[in-house]
Enquirer: 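Let me give you the structure first, and then I'll get to my questions.
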Amino acid sequence: MEKFTSILLAELSIDLQKIAVTSENKLQQAERSFKIADQAILRLKEFIATYTFKSPEEEIRFFKEIKPEFQKELFYNEEVLYIESNCPKGPNKARKVFIERTLNRIQAYFEKHSYIYNYCLSGDTSLDTFFFVRSPKPIPLTPVSYSDIDPEFSNPHSYKVAKLKAFEELRDYLSNKEQSNTTLESFQNKDNKQKLVFTGPPAALEEALLAMNEKGWFNFGDLPASRLFHAFESLLDIKLANPSRALIGMAIRKKGYTPHIDKMKDALIERIEQKHQ
């Protein structure tokens, strides 16, 4: 099981990175990512249908750790698809209200399922045999219906873990979106003549940021790439890939690892040569 699920998850990560690089906008990326995550889960379901867990520990690991990593991508991209389809494009106030309402909905889900969230966050394993097995035993004061789930592939607590993981990422996504609106609004107030917009492909910015971060040019080299990406997402109102996925995407390119940096270098050299002719 470990080998199959590891390979399948790695393939999903690569596919998501390819989609992030080739998509024209966030809406298209979310729709395509949702479909590819759904396909991966179907393959996972087919495998489990013919697989017998070797031990209770393996079954627990599947429902507690492995399946949520696949399912969270489905939930996350479903939510991003909804947000990008419905977030007002007009006045800043309307966008802020929409984002705040969505964040409140996420917070309500965390509060409702705080017992399972805190259980996993604490690293506790004492109730694993109750929570993360097929046909789990009922827990007092935490009613769960099993009537509409596949008993061989589904587990209600595994579902909640996946959704909580997705909502953690979605909360960061919305916070960055809200912050970018504020940053852009402030920038526009200072200079009403021109709005700062990144018009190049996101992959080009990812290459440049990763290269500069590897050289230690931000915070003297003491800055996680994820924080650097978030900062520029907020500044430029752009969605970048996860840094690790960006590296995977660069590694699988057939025509050089850094085509965008190479093109920038060529353009700059050409400009310098023209200046001094």
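Hydrogens, waters and symmetry mates play no part in the numbers below; they use all other heavy atoms, side chains included. Numbering starts at 1 and runs along the sequence shown.
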Enquirer: Nearest 0.5 Å please: distance from the OG1 atom of T125 over to the CD atom of E57.
Expert: 10.5 Å
Enquirer: Are the side chain of E206 and the backbone of A241 linked by a donor-acceptor contact shorter than 3.5 Å?
Expert: yes
Enquirer: Roughly how far, to the nearest 0.5 Å, is CG of L247 from CG of N242?
Expert: 9.0 Å
Enquirer: To the nearest 0.5 angstrom, please state how far the CD1 atom of I41 sits from the CG atom of L12.
Expert: 8.0 Å
Enquirer: Determine yes or no for a side-chain-to-main-chain donor-acceptor pair under 3.5 angstrom, with N155 supplying the side chain and H157 the backbone.
Expert: yes
Enquirer: Closest approach of I48 and R134, non-hydrogen atoms and distance?
Expert: CG2-NH2, 3.4 Å
Enquirer: I'd like to know if the side chain of N213 and the backbone of L228 have a donor-acceptor N/O pair within less than 3.5 Å.
Expert: no
Enquirer: Hey, which of R32, K163, K35, R245 is the one that makes salt bridge (Lys or Arg N to Asp or Glu O under 4.0 Å) with E73?
Expert: R245
Enquirer: Do L8 and I14 share a hydrophobic cluster (ILVMFWY, side-chain heavy atoms under 4.5 Å, transitive)?
Expert: no
Enquirer: About how many Å separate OG1 of T102 and OH of Y173, when rounded to the nearest 0.5 Å?
Expert: 10.5 Å
Enquirer: After noting the C-alpha distance and the side-chain angles of Y119 and S126, does the key distance pass the side chain to side chain contact (heavy atoms under 4.5 Å, CB included) rule?
Expert: CA-CA 9 Å; Y119 174 81; S126 60; 4.3 Å; yes
Enquirer: Would you call the rings of Y109 and F167 parallel, tilted or perpendicular, taking 30° and 60° as the class edges?
Expert: perpendicular
Enquirer: Please round to the nearest 0.5 Å and tell me the distance separating atom CD of Q39 and atom CG of L42.
Expert: 7.5 Å
Enquirer: Shortest non-hydrogen contact from A251 to Y257?
Expert: O-CE2, 3.7 Å
Enquirer: Under the 3.5 angstrom rule, does the side chain of S23 hit a backbone N or O of A20 as a donor-acceptor pair?
Expert: no
Enquirer: Measure the spacing between OG of S33 and NZ of K26 and express it to the nearest 0.5 Å.
Expert: 13.0 Å
Enquirer: Using a 6.0 Å cut-off, check whether atom CG of D222 has over 12 heavy atoms from anything other than its own residue.
Expert: no
Enquirer: What are the two closest non-hydrogen atoms of F132 and C120, and how far apart are they?
Expert: CZ-SG, 4.0 Å
Enquirer: Please determine whether side chain to side chain contact (heavy atoms under 4.5 Å, CB included) holds for the pair L205 and F198, giving the CA-CA distance in whole Å, both sets of side-chain angles, and the decisive distance to 0.1 Å.
Expert: CA-CA 9 Å; L205 184 58; F198 185 78; 3.8 Å; yes
Enquirer: Looking only at the side chains, is there a donor atom on one of E168 and Y117 sitting less than 3.5 Å from an acceptor on the other?
Expert: yes
Enquirer: Taking the side chain from E79 and the backbone from L170, do they hold a donor-acceptor pair closer than 3.5 Å?
Expert: no
Enquirer: Does the distance from a Lys or Arg side-chain N to an Asp or Glu carboxylate O, for E11 and R43, drop under 4.0 Å?
Expert: yes
Enquirer: Taking atom CZ of R253 as the centre, does the number of heavy atoms from other residues, nucleotides or ligands within less than 6.0 Å exceed 12?
Expert: yes
Enquirer: Okay, side chain of E207, backbone of I261: is any donor-acceptor separation there less than 3.5 Å?
Expert: yes
Enquirer: Quick check on the hydrophobic clustering: are M250 and M264 connected, directly or via other members, by side-chain heavy-atom contacts under 4.5 Å?
Expert: no
Enquirer: Say whether Y115 and V133 are linked into one hydrophobic cluster, either directly or through other cluster members, by side-chain heavy-atom distances under 4.5 angstrom.
Expert: yes
Enquirer: Just list the side-chain donor-acceptor pairs under 3.5 Å for residues 60-72, sequence neighbours left out, or say none.
Expert:
{"from": "R61", "atom 1": "NE", "to": "E2", "atom 2": "OE2", "distance (Å)": "2.5"}
{"from": "R61", "atom 1": "NH1", "to": "E65", "atom 2": "OE1", "distance (Å)": "2.4"}
{"from": "R61", "atom 1": "NH2", "to": "E2", "atom 2": "OE1", "distance (Å)": "3.2"}
{"from": "K64", "atom 1": "NZ", "to": "D124", "atom 2": "O", "distance (Å)": "3.3"}
{"from": "K64", "atom 1": "NZ", "to": "D128", "atom 2": "OD1", "distance (Å)": "3.1"}
{"from": "K64", "atom 1": "NZ", "to": "D128", "atom 2": "OD2", "distance (Å)": "3.3"}
{"from": "K67", "atom 1": "NZ", "to": "F153", "atom 2": "O", "distance (Å)": "2.7"}
{"from": "E69", "atom 1": "OE1", "to": "K72", "atom 2": "NZ", "distance (Å)": "3.4"}
{"from": "E69", "atom 1": "OE2", "to": "K165", "atom 2": "NZ", "distance (Å)": "3.4"}
{"from": "K72", "atom 1": "NZ", "to": "E169", "atom 2": "OE2", "distance (Å)": "3.0"}

Enquirer: Do you know which two heavy atoms are closest between L240 and P202, and how far apart they sit?
Expert: CD2-O, 3.9 Å
Enquirer: Give the cluster check for I106 versus V97: same hydrophobic cluster or not, with ILVMFWY residues linked at side-chain heavy-atom distances below 4.5 Å.
Expert: no
Enquirer: Look at E270 together with K265 and state whether they make a salt bridge at an N to O cut-off of under 4.0 Å.
Expert: no
Enquirer: Could you pull out the closest heavy-atom pair between L209 and F229, with the gap in Å?
Expert: CB-CE1, 3.9 Å
Enquirer: Below 30° counts as parallel, above 60° as perpendicular, anything between as tilted: where do the rings of Y51 and F47 land?
Expert: parallel
Enquirer: Which ILVMFWY residues are connected to L27, directly or by a chain of links, through side-chain heavy atoms under 4.5 Å apart?
Expert: L81
Enquirer: Is there a donor-acceptor contact under 3.5 Å from the side chain of N104 to the main chain of E100?
Expert: yes
Enquirer: State yes or no: do I36 and I252 share one hydrophobic cluster built from I, L, V, M, F, W and Y residues joined by side-chain heavy-atom distances below 4.5 Å, directly or via other members?
Expert: no
Enquirer: Ignoring hydrogens, what is the shortest heavy-atom contact between A246 and L210? Give both atom names and the distance.
Expert: CB-CD1, 4.0 Å
